[in-house]
Undergrad: 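I have a structure here, written as structure tokens, and I will follow up with some questions on it.
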Amino acid sequence: MIRFSGLLNRTEVAAKQKNVLAMAEEKTAKKKKSNATENEIFASCDFASLGLHPALCDELRERMGFEAPTLVQAQAIPVILSGRHVLVNAATGTGKTVTYLAPVIHQLQKYDTRIQRADGTFALVIVPTHELCMQVYENLQKLLHRFHWIVPGYIMGGEKRSKEKARLRKGISILVATPGRLLDHLKHTSSFVYKNMRWIIFDEADRILELGFGKEIEEILDILGSRPRMSESNDGEFVRQNLLLSATLNEKVNHLANISLDNPVMIGLDDTKMQPSSKQVASLDSAIETLENSGKASITSNTEYRLPAQLNQRYVKVPCGSRLVVLLSVLKNLFTGEASQKIVVFFSTCDAVDFHHALISQFHGLSKLQSDTETRELFVKCNILRLHGNMKHEDRVKTFNAFKTEKSALLLSTDVSARGLDFPKVRCIIQYDSPGEATEYVHRVGRTARLGEKGDSLLFLQPIEVDYLEELKRHGVILTEYPIVKLLDGFPSKHRGLRKFVSIEMHPWVLDLQKSLESFIFREAKVKKLAQNAFCSWVRAYSAHRGELKSIFVVKKLHLGHVAKSFALKEQPALVGRSVQKKHTEKRKRRDKVKEGLKKKIKMVSSYEEEV
Ligand SMILES: Nc1ncnc2c1ncn2[C@@H]1O[C@H](COP(=O)(O)OP(=O)(O)OP(=O)(O)O)[C@@H](O)[C@H]1O
């Protein structure tokens with residue numbers, strides 16, 4: 001076991017934190033009204049005052065361009081440096097990555113004897129997706145520039161195992177990994193050295209569990225030793241420090257927290273989220289005091305999520321059959337108003353992403369209402385990208401890098417982009433298909449308005465789904481309505497003046513564009529096929545809403561003909577009817593068998609496929 005002798009004791013850390021907070025308060029009081037948003041994001045102190053090594057502070061300033069720590073960094077870094085297990089809850093885009101990476105690097109570069117590759121892995125960062133894995137790795141590379149003996153690395157699904165094995169054999173000091181592939185290597189790669197593992201960090205902890213990795217995580221913790229006590233034994237030997245972070249720590253992480261954290265300090269969790277009487281951490285002293293007695297993380301389900309204050313959140317109420325037209329109109333309007341900008345649109349399924357990507361990349365618009373030049377141009381003029389979990393790993397990497405560096409682009413994605421990804425300068429987030437739980441809403445909109453920047457978000461809801469706004473309200477998220485009719489009125493229409501506006505479905509522009517889209521799909525067999533697939537998976541995804549959301553997103557209330565229109569299909573695909581029918585019959589046969597065998601003791605659960 002490698003020895004570390006540079007730990008600050010608890011009193012020193014508490015004193016440091018007090019100083020930092022006092023300095024922060026003093027400076028903030030002086031500046032007071034100068035820049036409200038900045039003060040909400042950055043602390044008025046520097047990285048060195050948090051106890052970080054000067055070379056690391058230089059790296060943060062020179063390579064990363066960070067002048068001052070964010071509030072969460074100022075609050076959490078000294079606590080993490082103290083060696084305590086920590087739970088961090090802070091809004092999206094507030095700098096949680098550096099919050100955990102900087103203290104780990106600080107400690108590793110301070111070892112009496114420089115660490116070697118042969119010592120294996122000291123720190124493990126577990127993340128839910130490939131993209132987040134790459135992003136954390138990139139941050140690490142920058143931060144470790146001056147500390148060349150500390151080697152960063154990553155392993156994740158989709159990459160070649162043999163290459164990863166070779167990298168592990170050489171030795172990775174700080175390893176970023178997705179849970180499935182990590183477990184695979186822990187079990188099957190004998191050259192993977194982890195006897196010196198000192199930190200396990202769960203970034204986006206709640207999402208890792210939501211994705212169903214709970215069992216893998218338990219196995220990983222079993223192999224690595226669940227939560228060896230942080231030891232401040234006589235010889236100063238350090239055993240293990242685990243950290244859990246997310247913008248939406250909720251009751252789902254309680255179990256993980258309780259099996260992985262030992263007497264944790266909680267940062268950014270307020271009264272509404274904790275039981276029984278813990279308080280928001282104002283200083284390390286109070287944090288430690290508060291939690292010392294209980295020693296257990298207990299977060300309630302009554303969670304209010306923090307969103308960036310400068311984020312402009314709106315919703316648009318659109319009848320199902322007009323959804324596609326409204327989406328295209330909103331996009332056209334945004335890219336016409338400002339050609340150079342980045343927008344992300346979230347869909348519920350991979351098929352929906354593929355269909356909309358094909359459509360927007362090829363659709364030229366309403367020929368009769370456009371000039372010759374316009375008809376030669378795409379209806380939505382922008383660089384369009386797609387990202388979802390069914391794409392090849394290399395294509396995912398390409399899109400991820402492209403959207404990061406592009407100045408102007410439209411990214412169509414599933415929730416694979418919702419967590420943790422830090423695409424610079426995203427102006428607007430459109431949630432075309434509503435997210436599941438409020439947590440996903442928070443993370444999706446969190447791709448914009450990062451670190452004090454401006455950002456807009458727009459949530460599409462059908463009139464039958466507006467109760468979702470109440471669900472969001474329960475978590476402290478409040479949206480205002482987007483004036484969609486005004487936007488639609490701004491487009492030309494051959495019917496303008498002939499018809500009186502009655503509703504969105506009957507709006508002349510909506511009627512014209514819908515017709516045009518349907519003709520396009522009718523002509524383009526490939527896109528039509530994508531539309532049919534997307535229709536099927538969309539309905540399946542709609543019926544898969546869980547828990548309380550099932551009473552808001554009720555599949556029986558959908559008019560499938562209108563759903564078909566939202567994929568520019570003139571009618572509900574016959575194919576769907578047959579396949580669903582077939583599934584239904586097969587299911588019924590199986591069910592009858594079971595029923596017979598168990599003499600009607602089993603209550604059958606009806607699924608959507610059985611209902612249609
Ligand atoms: N102290 C700082 N000064 C300036 N920029 C910073 C600072 N800390 C982090 N950043 C930048 O802020 C952005 C957001 O950071 P990061 O991705 O770590 O946020 P996050 O809190 O993890 O967000 P999410 O919850 O969405 O994962 C990044 O571009 C990062 O480089």
Side-chain angles (χ1 to χ4, degrees), residues 20 24 37-50 52 56-77 80 87-105 125-129 131-143 176 201-208 243-250 253 267-268 305-308 310-311 342 344 346 400 403-405 415-426 429 439-453 455 457:
V20 168
T37 312
E38 275 220 343
N39 285 345
E40 281 160 24
I41 307 275
F42 293 101
S44 305
C45 58
D46 55 24
F47 281 105
S49 64
L50 305 179
L52 293 173
L56 182 54
C57 297
D58 290 349
E59 206 66 7
L60 284 163
R61 195 177 46 252
E62 288 159 22
R63 200 155 286 274
M64 311 285 281
F66 299 176
E67 293 296 334
T70 62
L71 287 179
V72 67
Q73 288 161 356
Q75 211 170 21
I77 288 175
I80 299 175
L87 261 164
V88 178
N89 183 78
T92 49
T94 51
K96 291 186 286 298
T97 317
V98 162
T99 302
Y100 63 80
L101 289 183
V104 168
I105 296 170
V125 182
I126 303 180
V127 294
T129 63
E131 287 75 14
L132 191 52
C133 193
M134 287 190 300
Q135 186 174 291
V136 175
Y137 172 71
E138 281 167 17
N139 273 297
L140 260 176
Q141 278 184 310
K142 285 187 199 157
L143 285 168
V176 194
I201 298 150
F202 297 95
D203 194 354
E204 305 291 350
D206 53 326
R207 184 61 179 165
I208 294 172
L243 315 172
L244 253 81
L245 305 96
S246 179
T248 50
L249 282 179
N250 52 30
V253 301
I267 290 177
Y305 298 123
R306 287 181 196 165
L307 286 120
Q310 73 285 7
L311 173 67
K342 291 206 278 194
V344 183
F346 282 103
F400 171 71
F403 196 62
K404 256 184 129 168
T405 46
D415 274 335
V416 79
S417 304
R419 288 278 182 151
L421 298 193
D422 184 49
F423 296 118
K425 309 255 175 243
V426 173
I429 300 297
T439 48
E440 275 339 284
Y441 174 91
V442 170
H443 287 279
R444 283 174 168 194
V445 297
R447 295 320 97 207
T448 187
R450 294 175 76 71
L451 213 72
E453 288 199 342
S457 70

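Whatever order the structure lists ligands and atoms in, that order sets their numbers, starting from 1. Sequential numbering from 1 along the given sequence is applied to the chain's residues. When reading the values below, keep in mind they use all heavy atoms of this one structure, side chains included, and skip hydrogens, waters and symmetry mates.
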Undergrad: State plainly whether the residues R61 and E67 are in salt-bridge range, i.e. N to O under 4.0 Å.
TA: no

Undergrad: Start with the C-alpha gap between T97 and N139, add the side-chain angles, then the distance that decides, and say whether side chain to side chain donor-acceptor pair (under 3.5 Å) holds.
TA: CA-CA 8 Å; T97 317; N139 273 297; 4.8 Å; no

Undergrad: Under a 4.0 Å heavy-atom limit, does Y100 contact ligand 1 with its side chain, its backbone, both, or neither?
TA: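 No part of Y100 is near ligand 1 at this cut-off.
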
Undergrad: For ligand 1, which atoms have a heavy atom of F47 less than 4.0 angstrom away?
TA: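 Under 4.0 Å from F47, ligand 1 has these atoms: 1 (N).
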
Undergrad: Do any nitrogen or oxygen atoms of D422 lie less than 3.5 angstrom from nitrogen or oxygen atoms of ligand 1?
TA: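 Checking ligand 1 against D422, an N or O pair does fall under 3.5 Å apart.
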
Undergrad: Please check whether T94 reaches ligand 1 - meaning an N/O of the residue sits under 3.5 Å from an N/O of the ligand, judged on distance alone.
TA: yes

Undergrad: Closer than 3.5 angstrom, by distance alone: can the side chain of T448 be matched with the main-chain N or O of V426 as a donor-acceptor pair?
TA: yes

Undergrad: In terms of atom number and element, which parts of ligand 1 are under 4.0 angstrom from non-hydrogen atoms of F42?
TA: 2 (C), 3 (N), 4 (C)

Undergrad: A91 heavy atoms, cut-off 4.0 Å: which ligand 1 atoms fall inside?
TA: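 In order of number, 21 (O).
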
Undergrad: Assess the pair F400 and F423: is the distance between their ring centroids shorter than 6.0 Å?
TA: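 Yes; F423 has its ring centre under 6.0 Å from that of F400.
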
Undergrad: Do E131 and R419 sit within salt-bridge range, that is, some charged N less than 4.0 Å from a carboxylate O?
TA: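 Judged by the 4.0 Å cut-off on N to carboxylate O distance, E131 and R419 do not form a salt bridge.
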
Undergrad: Is D422 salt-bridged to K96, cutoff N-O under 4.0 Å?
TA: no

Undergrad: With nothing but distance in play, are any N or O atoms of K96 less than 3.5 Å from an N or O of ligand 1?
TA: yes

Undergrad: When you measure from the heavy atoms of A90 to every atom of ligand 1, does any distance fall below 4.0 Å?
TA: no

Undergrad: Would you check whether R450 has a nitrogen or oxygen atom less than 3.5 angstrom from a nitrogen or oxygen atom of ligand 1?
TA: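 N/O-N/O distance under 3.5 Å: yes.
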
Undergrad: Among V445, I41, T92, find the one that has a side chain to side chain contact (heavy atoms under 4.5 Å, CB included) with P308.
TA: T92

Undergrad: Is the closest side-chain heavy-atom distance between L243 and F202 below 4.5 Å?
TA: no

Undergrad: Give the residue, atom name and distance (to 0.1 Å) of the protein heavy atom nearest atom 31 (O) of ligand 1.
TA: F66 CZ, 3.2 Å

Undergrad: If you measure from each non-hydrogen atom of T92 to ligand 1, which part falls under 4.0 Å: side chain, backbone, both or neither?
TA: both

Undergrad: Any donor-acceptor pair under 3.5 Å linking the side chain of T70 with the backbone of G95?
TA: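 Not confirmed, T70 side chain does not pair with G95 backbone.
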
Undergrad: Identify the protein heavy atom lying closest to atom 5 (N) of ligand 1, giving its residue, its atom name and the separation to 0.1 Å.
TA: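 For atom 5 (N) of ligand 1, the nearest protein heavy atom is L451 CD2, 3.1 Å.
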
Undergrad: Do any N/O atoms on A68 end up under 3.5 angstrom from N/O atoms on ligand 1?
TA: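 Indeed, backbone or side chain, A68 has an N or O that close.
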
Undergrad: Quick one: does S246 get a heavy atom under 4.0 Å from ligand 1?
TA: no

Undergrad: Identify, by atom number and element, the atoms of ligand 1 in contact range of T97, meaning under 4.0 Å from any of its heavy atoms.
TA: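 Those of ligand 1 that fall under 4.0 Å from T97 are 16 (P), 17 (O), 18 (O), 22 (O).
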
Undergrad: Is the closest N or O pair between G95 and ligand 1 shorter than 3.5 Å?
TA: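 Yes; at least one N/O pair falls below 3.5 Å.
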
Undergrad: Below 4.0 angstrom, N of the basic side chain to O of the carboxylate: do K404 and E138 qualify?
TA: yes

Undergrad: What part of Q73 sits under 4.0 Å from ligand 1 if we count only heavy atoms: the side chain, the backbone, both or neither?
TA: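 Side chain only.
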
Undergrad: Does Q135 reach the main-chain N or O of L132 with its side chain, forming a donor-acceptor pair under 3.5 Å?
TA: no

Undergrad: Do any N or O atoms from the side chain of D203 and from the backbone of V127 form a donor-acceptor pair under 3.5 angstrom?
TA: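 Not at all, since once roles are kept as given, no pair shorter than 3.5 Å links the two residues.
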
Undergrad: Is E204 touching ligand 1 with its side chain, its backbone, both, or neither, if touching means heavy atoms under 4.0 Å apart?
TA: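 For E204, the contact with ligand 1 is made by the side chain alone.
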
Undergrad: Within less than 4.0 angstrom of ligand 1, does P424 place any heavy atom?
TA: no

Undergrad: Any N or O of G93 that comes nearer than 3.5 Å to an N or O of ligand 1?
TA: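 By distance alone, the answer is yes.
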
Undergrad: Classify the contact between H443 and ligand 1 as side chain, backbone, both or neither, using a heavy-atom distance cut-off of under 4.0 Å.
TA: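 Within the 4.0 Å criterion, H443 makes no contact with ligand 1.
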
Undergrad: Within the 4.0 Å heavy-atom shell around R447, which atoms of ligand 1 are there?
TA: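 In order of numbering, the contacting atoms are 26 (O).
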
Undergrad: Does D46 use its side chain to pair, donor to acceptor, with the backbone of S49 at less than 3.5 Å?
TA: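 At least one qualifying donor-acceptor pair exists.
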
